[in-house]
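Reading through the structure tokens given below for one structure.
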There are 2 protein chains.
Amino acid sequence: MPSNAFSKIAPRQSVLPVNEWVYDTLCQLILHGEFVPGVTLTLRGIAESLDVSPMPVRESVTRLIAEGALEVSNKRRITVSQMTQKKFDELALARLSLEPALSALALPLIDAERLKLLVDVDSKLDVAISTGNIGNYIKYNCQFHFGIYEASPSPVLLPIIKSLWLRFSPFYRIVAGRAGTQTLDDYHESAIDAIKAKDPDALAKAIHKDIQEGMEMLNDSIGKQ
Amino acid sequence: MPSNAFSKIAPRQSVLPVNEWVYDTLCQLILHGEFVPGVTLTLRGIAESLDVSPMPVRESVTRLIAEGALEVSNKRRITVSQMTQKKFDELALARLSLEPALSALALPLIDAERLKLLVDVDSKLDVAISTGNIGNYIKYNCQFHFGIYEASPSPVLLPIIKSLWLRFSPFYRIVAGRAGTQTLDDYHESAIDAIKAKDPDALAKAIHKDIQEGMEMLNDSIGKQ
DNA sequence: AATTGAGATCTGTGATCACAAAATTATAAT
DNA sequence: ATTATAATTTTGTGATCACAGATCTCAATT
């Protein structure tokens with residue numbers, strides 16, 4: 001029997017093509033930190049866990065490898081990407097270069113409804129911090145950032161930024177899980193203020209600071225995974 | 001009979017896995033401007049042109065779609081990505097943010113041999129400009145830039161930058177082909193000078209200017225493809 | 001000449017099989 | 001008990017088939 005990658009996945013209901021549903025599901029699992037860096041996955045194992053045939057899994061995994069979320073090891077074994085100092089530095093550089101810029105582009109497209117959503121997500125994030133719920137912290141932090149970015153239907157920047165998140169999220173989860181939420185802070189307030197003030201530069205700066213603080217916190221833990 | 005995507009491809013000799021050979025081949029064709037934006041491709045057509053089975057083509061095309069080089073249209077038809085103003089602006093932003101930075105990172109790793117190669121490629125590029133050989137211009141311009149970037153084995157920045165090039169290269173070829181080489185300039189000299197002087201900031205600035213000039217030249221042609 | 005529509009063909013997606021290389025387990029030898 | 005070796009299973013890759021939806025062909029009709 002093929003090794004099980006995970007279990008207890010919500011069954012497919014949507015009318016999306018199977019491979020897209022598989023891809024989205026795997027993305028969510030990765031972004032929310034459900035995959036441990038270094039763990040090896042198998043096509044048949046994922047297929048069984050998701051109750052689909054190996055074929056659409058193969059296509060999704062190929063995509064995720066292209067996006068750097070998964071890696072194919074030495075002798076063709078699929079693994080969840082591990083963090084290295086070099087990768088980390090480049091991820092930080094790319095995030096700091098692109099995410100503040102996209103925030104500024106997206107700001108004019110954030111309407112009242114989306115702002116409300118962001119405020120709501122941020123309050124849930126505060127709850128997650130104070131109650132020590134790492135899983136929710138990861139999830140709501142992701143939702144907050146992409147809640148801003150996705151206001152702009154960016155055909156280039158958004159997929160690239162998503163690929164950056166796919167790369168560091170597994171590592172993020174491990175580190176945050178070990179350190180606990182007491183080391184985490186919420187730098188999103190100034191971002192919300194900037195959105196309310198409709199000030200793109202201020203938003204870019206707030207996101208920049210948020211990323212920098214977060215990545216600095218992570219930086220000490222590289223190699224100690 | 002399936003439609004032929006192209007013809008006259010060098011047969012496979014290498015010992016790479018078939019899918020990687022197919023991927024590399026398609027990348028080169030795209031980067032060198034052999035694919036016309038908007039053209040639809042078919043898995044079976046590519047497979048026949050490359051004399052391989054459809055399976056490895058499928059995998060390669062999936063990768064290229066994930067990287068934005070190809071697109072799957074409205075009703076699942078594979079096409080070479082077309083340029084839009086929004087895409088173009090984001091590509092320019094991303095290139096200007098990442099490529100100068102990677103240049104600076106790579107500079108300390110450029111040895112004498114690589115410098116010699118860069119000088120050589122640049123002189124070939126000058127010949128291509130003066131003789132009006134667009135194809136060679138595209139090729140050597142690509143080789144010059146990646147000749148710098150690849151000095152640093154960057155696990156994150158390099159693949160992302162490659163994906164940026166895959167997205168604009170088909171468009172680049174069309175525009176350059178219509179305008180002719182008389183509108184093209186060679187801004188690589190100051191980059192070479194900066195490398196010789198081992199001055200990362202100067203190299204970053206030179207690459208920045210090179211990208212800016214090139215993208216500005218392209219900007220007027222959007223939508224007139 | 002332009003339009004329509006039925007039949008044929010092509011295309012992406014998913015399923016299944018085959019296979020060699022790798023990994024795991026079982027067995028034997030010291 | 002530990003190591004060496006043989007047998008078995010698992011895994012990614014490639015090939016082939018099935019199929020529904022899209023596309024194309026081309027004659028019939030207006």
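Per chain, numbering begins at 1; letters A, B, ... match sequence-line order. The structure presented is a predicted model; accordingly, all values stated were derived computationally and were not measured. Atom set for the values below is all heavy atoms of this structure, side chains included, hydrogens, waters and symmetry mates excluded.
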Exercise. Rounded to the nearest Å, what distance is computed from the CE atom of residue B:Met55 to the C1' atom of nucleotide D:dG12?
Worked result: 11 Å
Exercise. Roughly, in whole Å, what's the span from CG in A:Leu43 to P in C:dT16?
Worked result: 15 Å
Exercise. Between A:Leu41 (CG) and D:dT10 (C1'), how many Å, whole number?
Worked result: 15 Å
Exercise. What is the distance from CZ of B:Arg63 to P of D:dT13, rounded to the nearest Å?
Worked result: 11 Å
Problem set entry | Nearest-neighbour nucleotide for the A:Asn19 side chain, C:dT13, D:dT16, C:dT11 considered | C:dT13
Exercise. Rounded to the nearest Å, what distance is computed from the CD atom of residue B:Glu20 to the C1' atom of nucleotide D:dG14?
Worked result: 14 Å
Exercise. Under the 3.5 Å rule, do the base of D:dG14 and the side chain of A:Arg58 count as making a donor-acceptor pair?
Worked result: yes
Exercise. Roughly, in whole Å, what's the span from OH in A:Tyr23 to P in C:dT13?
Worked result: 15 Å
Exercise. Rounded to the Å, how far apart are A:Glu48 CD and C:dT16 P?
Worked result: 14 Å
Problem set entry | Atom-pair distance (CZ on A:Arg44; C1' on C:dC17), nearest Å | 10 Å
Problem set entry | Contact list for DNA chain D against residues 68-79 of chain A - heavy-atom distance below 4.0 Å | A:Arg76, A:Arg77, A:Ile78
Problem set entry | Donor on one side chain, acceptor on other, B:Asp89 and B:Gln85, under 3.5 Å | yes
Problem set entry | B:Ser103 side-chain N/O to B:Ala204 backbone N/O, donor-acceptor pair under 3.5 Å | no
Which side-chain N or O atoms in residues 149-156 of chain A pair as donor and acceptor under 3.5 Å with protein atoms at least two apart or in another chain?
unit_1   : atom_1 : unit_2   : atom_2 : d
A:Tyr149 : OH     : A:Glu99  : OE1    : 2.4
A:Tyr149 : OH     : A:His145 : ND1    : 2.8
A:Ser152 : OG     : A:Ser154 : OG     : 2.9
A:Ser154 : OG     : B:Glu90  : OE2    : 3.0

Exercise. Is a side-chain donor or acceptor of B:Arg173 paired with a backbone partner of B:Val36 at a separation under 3.5 angstrom?
Worked result: no
For this session: Go through the steps to decide whether B:Arg76 and A:Glu20 satisfy the test salt bridge (charged side-chain N to carboxylate O under 4.0 Å, His left out), and finish with yes or no.
Result: CA-CA 13 Å; B:Arg76 48 177 209 175; A:Glu20 280 193 41; over 6 Å; no
For this session: Would you sort out whether A:Lys124 and A:Asp120 count as a salt bridge (charged side-chain N to carboxylate O under 4.0 Å, His left out), showing the intermediate values?
Result: CA-CA 6 Å; A:Lys124 288 183 190 166; A:Asp120 186 49; 3.6 Å; yes
